[in-house]
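What follows is a set of notes on a single structure, which appears directly below.
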Amino acid sequence: MLDRHFYDRPVLAVARDLLGVTVRHGPVALRVTEVEAYGGTDDPASHARRGPTPRSRVMFGPPGHAYVYFVYGMHWCFNVVCGPEGTAAAVLIRAGSVCPPRPERDITGLDAPARSGSAGRVDLPGAAGPGAPRIEPNVDGPPPSGPGLPGWASGPGRFARALGVDGGYTGADLTGPGPLSIHRGTPIDDTAVGHGPRVGIRVGTDLPYRLWLLGEASVSRARSVRPR
DNA sequence: TCAATGATAGGCT
DNA sequence: GCCTATCATTGAC
């Protein structure tokens, strides 16, 4: 399991090294294929840009903890706090592939986190309102693609759903004995890493803070931007 | 291309 | 305390 020293580094270095790792939640294991870095109060696209707020406070805390937020009224996004405490940097996990890739074996496992109740949850004020929906992976009909297929954890909302995490996991220690942890994967060569602008944001789009594994089918495809 | 859907945070009274 | 724009997205059409 990756320890605190792994996360206690500059956000871009952590983002780069999170590619290829395995995120585990109970029986679910997802290999990270795409990430985005959000760096502190100088990043106009970061939730921490205005300083600590009830929502962003966990970003200012120690590295190696989860930051899971609710967006667009229906989706959860899973982040990993990194960098020295106080820098408020985090890495958004945008996509992953089911690991090991044995769909017929993973289907049964995906229900387990939702059934495990409050284990691993950390109730922090501001993490999510009591009315926010609890995530229920694999119970609301067929996804765009089934477990084990490339689209199952493609996109931050789908990744969080496939993993089975929601706002209750904000503040969870990823380096401790809890059910949520991250493990080193096979080494990734620099030639296998693509980088470019982050997506889904309106500011800070000039920064090449999105990193992905080249050739991975689960990586987000560019989407036409809706003008306002 | 666009609607769904609700938390968040700033601005104002 | 209230109002409003915005939002690190997704799936249906």
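Letters A, B, ... mirror the listed sequences (proteins, then strands); counts begin at 1.
- In this structure, of C/dT10, B/dA9, C/dC7, it is C/dC7 that holds the atom nearest to the side chain of A/R202.
- Contact annotation: side chain of A/Y69 to base of B/dA7, donor-acceptor pair absent below 3.5 Å.
- When distances are taken from the side chain of A/R50 to each of C/dA8, B/dA9, C/dT9, the shortest belongs to B/dA9.
- Atom CG in A/D166 sits about 14 Å away from atom P in B/dA7, given to the nearest Å.
- Atom OH of A/Y72 and atom P of B/dC2 are 16 Å apart (whole Å).
- The distance from atom CG of A/D43 to atom C1' of C/dC7 is 15 Å, rounded to the nearest whole Å.
- The side chain of A/M74 lies closest to B/dT5, out of B/dT5, B/dA9, C/dT10.
- When hydrophobic clusters are built by joining Ile, Leu, Val, Met, Phe, Trp and Tyr residues whose side-chain heavy atoms come closer than 4.5 Å, directly or via intermediates, A/F159 is grouped together with A/L2.
- Residues A/V219 and A/I201 fall into different hydrophobic clusters, defined by Ile, Leu, Val, Met, Phe, Trp and Tyr side chains chained together at heavy-atom separations under 4.5 Å.
- We find that CZ of A/R210 is positioned 14 Å from C1' of C/dT9, with the value rounded to whole Å.
- Nucleotide C/dA8 is matched to nothing when pairs are restricted to Watson-Crick or G-U wobble geometry with both distances under 3.5 angstrom.
- Both geometric conditions, a ring-centre gap below 5.5 Å and a plane tilt below 30°, are not fulfilled together for A/F70 over the base of B/dA7.
- Residue A/I201 is in sugar-phosphate contact alone, with no base atom involved, counting any heavy-atom pair closer than 4.0 Å across all strands shown.
- The cluster map of Ile, Leu, Val, Met, Phe, Trp and Tyr, joined by side-chain heavy atoms under 4.5 Å apart, puts A/V23 and A/L19 in the same cluster.
- In the set C/dT9, C/dG11, B/dA9, C/dG11 carries the atom at the smallest distance from any side-chain atom of A/R158.
- When both distances must be under 3.5 Å, the Watson-Crick or G-U wobble mate of B/dT5 does not exist.
- Tested against A/V32, the residues A/I188, A/L213, A/I93 include a single side chain to side chain contact (heavy atoms under 4.5 Å, CB included) partner, A/I93.
- One can place CZ of A/F159 at 15 Å from C1' of C/dA8, the figure rounded to the nearest angstrom.
- Here the P atom of nucleotide C/dT10 and the CG atom of A/L92 are 9 Å apart, to the nearest Å.
- Remark: P of B/dA4 and CH2 of A/W76 are 21 Å apart, rounded to the nearest angstrom.
- Regarding A/H75, its NE2 atom lies at a distance of 8 Å from the C1' atom of C/dG11, rounded to whole Å.
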Inset, instruction - Determine, step by step, whether A/E216 and A/E34 satisfy the side chain to side chain contact (heavy atoms under 4.5 Å, CB included) criterion, reporting the C-alpha distance in whole Å, the side-chain angles of both residues, the deciding distance to 0.1 Å, and the verdict. - result: CA-CA 9 Å; A/E216 279 285 337; A/E34 181 185 3; over 6 Å; no
